[in-house]
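Values reported hereafter were calculated over all heavy atoms of this structure, with side chains retained and with hydrogens, waters and symmetry mates removed. Below, chains carry the letters A, B, ... as their sequence lines are ordered, and counting in each starts from 1.
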Amino acid sequence: MARMNEEGQWIVLMGLLVAVALFFLALIINQSALVGQTTAEGVLEFPKNDIRDLREAVFDYVDAAGALDPIERVDIEKDIITISLERKNAVVQFGNGTPQDVSGRWLRPVDIHYNNGVTVYNETVYY
Amino acid sequence: MVNDAGQLYTMEGVAAGVIMLLAAYIVVSTTSIYTTGDTHIPDMQLEQLGSDVLAMMDAPNTNGTTSALETFVSTNNGTGFNSTFLSYCNATTRGTLDNLHMSANITYRDANANKINEYPFVAPDNTWTGRESAVRATRWVQLPKLSPKPVGMPGDMRTDPQAVLVEVLLWRA
């Protein structure tokens, strides 16, 4: 029986190593679809647009408040608070104080509070 | 006595084992195909697009005038809202139009019964979404005193100044 030829074993082994490396790269491509999932979910979870929109609604309310009678003011405030709770699952509270002298300009302190169970946002802005 | 001949054969066997394990893993994992739609990345982009379009529509042309969004809601002009919204969000840099569709509801508060109600503003069309899910974008609109109340608005909606929520459902067909 002829003896087994043991020459060229390193060449065979290098070929195997290349095969293993190719499998590893295939694995990376396989997992690449996952990239960005947690980022996207984090962005979706964080109510950035809700908070921006609420601020704008409160500023609109403060702008218009001077021309409204007290009942209408309370009604608009109730609109924003109850619809936020019903449609956005967010507890919202806001109010404006009397104008104060801030560096020579008379600005109202406006309190905005927002809580949807995941994100809490509180702000006092001089508007 | 341990014989140290044929070590390369041993290494070859180990390499073959690793290859077989990897092959088995890849074969098993291909039964669940994970697409980009599952990662919510298009959802995130679509939601941001919808919010941006609503913000654009809520910006008045000049200081002190009424924004397009407020005009559409206070005159109950759902058709105009639909075409303006879709022309903004279907615009692409290539010039061809994107294939986004939308429907919209308006949520208001019935002050007498203190109830939250909603009415359809733009009815949905019959298109399929495919794999990507529809997303929701919302925008507050403060309406002035409505006199008279436009046709089509529900009877229990009050005519005094009020804040309503425009909710847009946006999907790619």
Side-chain angles (χ1 to χ4, degrees), chain A residues 4 6 9-10 12-13 15-17 19-20 22-24 26-27 30-45 47-50 52-61 63-65 67-69 71-88, chain B residues 5-9 11-12 14-16 18-19 21-23 25-26 29-30 33-45 47-48 50-52 54-55 58 70 105 107-109 111 114-118 135-145 158 160-165 167:
Chain A
M4 203 177 195
E6 290 188 352
Q9 288 196 350
W10 279 109
V12 171
L13 187 64
L16 288 170
L17 284 179
V20 170
L22 281 176
F23 270 112
F24 184 69
L27 205 62
N30 194 22
Q31 296 296 310
S32 66
L34 281 167
V35 173
Q37 178 173 27
T38 38
T39 316
E41 283 172 351
V43 171
L44 283 169
E45 184 98 340
K48 176 185 76 173
N49 290 308
D50 282 358
R52 279 187 178 168
D53 194 18
L54 174 71
R55 291 185 80 223
E56 208 154 312
V58 171
F59 293 153
D60 283 351
Y61 161 80
D63 279 341
L68 302 172
D69 64 45
I71 298 170
E72 288 172 339
R73 249 178 277 169
V74 172
D75 267 343
I76 291 185
E77 200 179 323
K78 271 189 179 173
D79 284 346
I80 295 176
I81 290 170
T82 51
I83 295 175
S84 284
L85 191 60
E86 172 91 11
R87 301 298 304 168
K88 297 191 179 191
Chain B
Q7 288 190 351
L8 275 175
Y9 288 124
M11 290 165 80
E12 183 187 338
V14 170
V18 169
I19 288 171
L21 281 176
L22 277 168
Y25 170 76
I26 288 173
S29 67
T30 46
I33 301 165
Y34 207 76
T35 64
T36 46
D38 299 323
T39 58
H40 303 298
I41 296 171
D43 295 352
M44 175 195 73
Q45 292 167 336
E47 191 181 297
Q48 187 59 49
S51 295
D52 286 349
L54 283 175
D58 202 15
E70 193 182 326
N105 273 5
T107 308
Y108 63 98
R109 188 175 66 94
N114 202 15
K115 267 175 60 185
I116 310 294
N117 291 325
E118 57 182 304
V135 299
R136 188 182 73 144
T138 61
R139 188 88 187 168
W140 288 103
V141 174
Q142 302 205 17
L143 297 179
K145 199 173 184 63
R158 62 185 198 274
D160 290 338
Q162 60 185 315
V164 296
L165 186 69
E167 295 179 51

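The two residues L44(A) and M44(B) come nearest to each other via the heavy atoms CD2-CA, 3.7 Å. Nearest heavy atoms, P161(B) versus E72(A): CD-OE2, 3.4 Å. Scanning all heavy atoms of the two residues, the minimum distance from R109(B) to T82(A) falls at CD-OG1, 3.1 Å. Nearest heavy-atom pair, A163(B) versus I83(A), reported as atom, atom and distance to 0.1 Å: O-CD1, 3.8 Å.
Looking at A23(B), both its backbone and its side chain come within 4.5 Å of chain A, counting heavy atoms on both sides. Of the two parts of N49(A), only the side chain, counted from C-beta on, holds a non-hydrogen atom closer than 4.5 Å to a non-hydrogen atom of chain B. Heavy atoms closer than 4.5 Å to chain B are found nowhere in T38(A), neither backbone nor side chain. Contact of E167(B) with chain A is made through the side chain alone, with heavy-atom distances under 4.5 Å. Contact of K48(A) with chain B is made through the side chain alone, with heavy-atom distances under 4.5 Å.
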For this session: Verify side chain to side chain contact (heavy atoms under 4.5 Å, CB included) between R87(A) and T138(B), making sure each step is shown before the conclusion.
Result: CA-CA 10 Å; R87(A) 301 298 304 168; T138(B) 61; over 6 Å; no

For this session: Please step through side chain to side chain contact (heavy atoms under 4.5 Å, CB included) for the pair V43(A) and Q48(B), ending with a clear verdict.
Result: CA-CA 10 Å; V43(A) 171; Q48(B) 187 59 49; 5.6 Å; no

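Taking the side-chain hydrogen bond (donor to acceptor under 3.5 Å, both in side chains) definition, one finds that K145(B) meets it with D160(B), sequence neighbours left out. Not a single side-chain hydrogen bond (donor to acceptor under 3.5 Å, both in side chains) links D53(A) to another residue, sequence neighbours left out.
With values rounded to the nearest 0.5 angstrom, R52(A) atom CZ is found 10.0 Å from R139(B) atom CZ. A distance of 5.5 Å separates OH of Y25(B) from CG of L27(A), quoted to the nearest 0.5 Å. Put simply, CZ on F59(A) and CD on Q142(B) are 12.0 Å apart, with the number rounded to the nearest 0.5 Å. D79(A) contributes atom CG, which lies 7.5 Å from atom CD1 of I116(B) (distance to the nearest 0.5 angstrom).
Each of R73(A), E41(A), E77(A), K88(A) has some count of heavy-atom pairs under 4.5 Å with chain B, and the biggest count is that of K88(A). Counting heavy-atom pairs under 4.5 Å between each of N114(B), V18(B), L165(B) and chain A puts L165(B) at the top.
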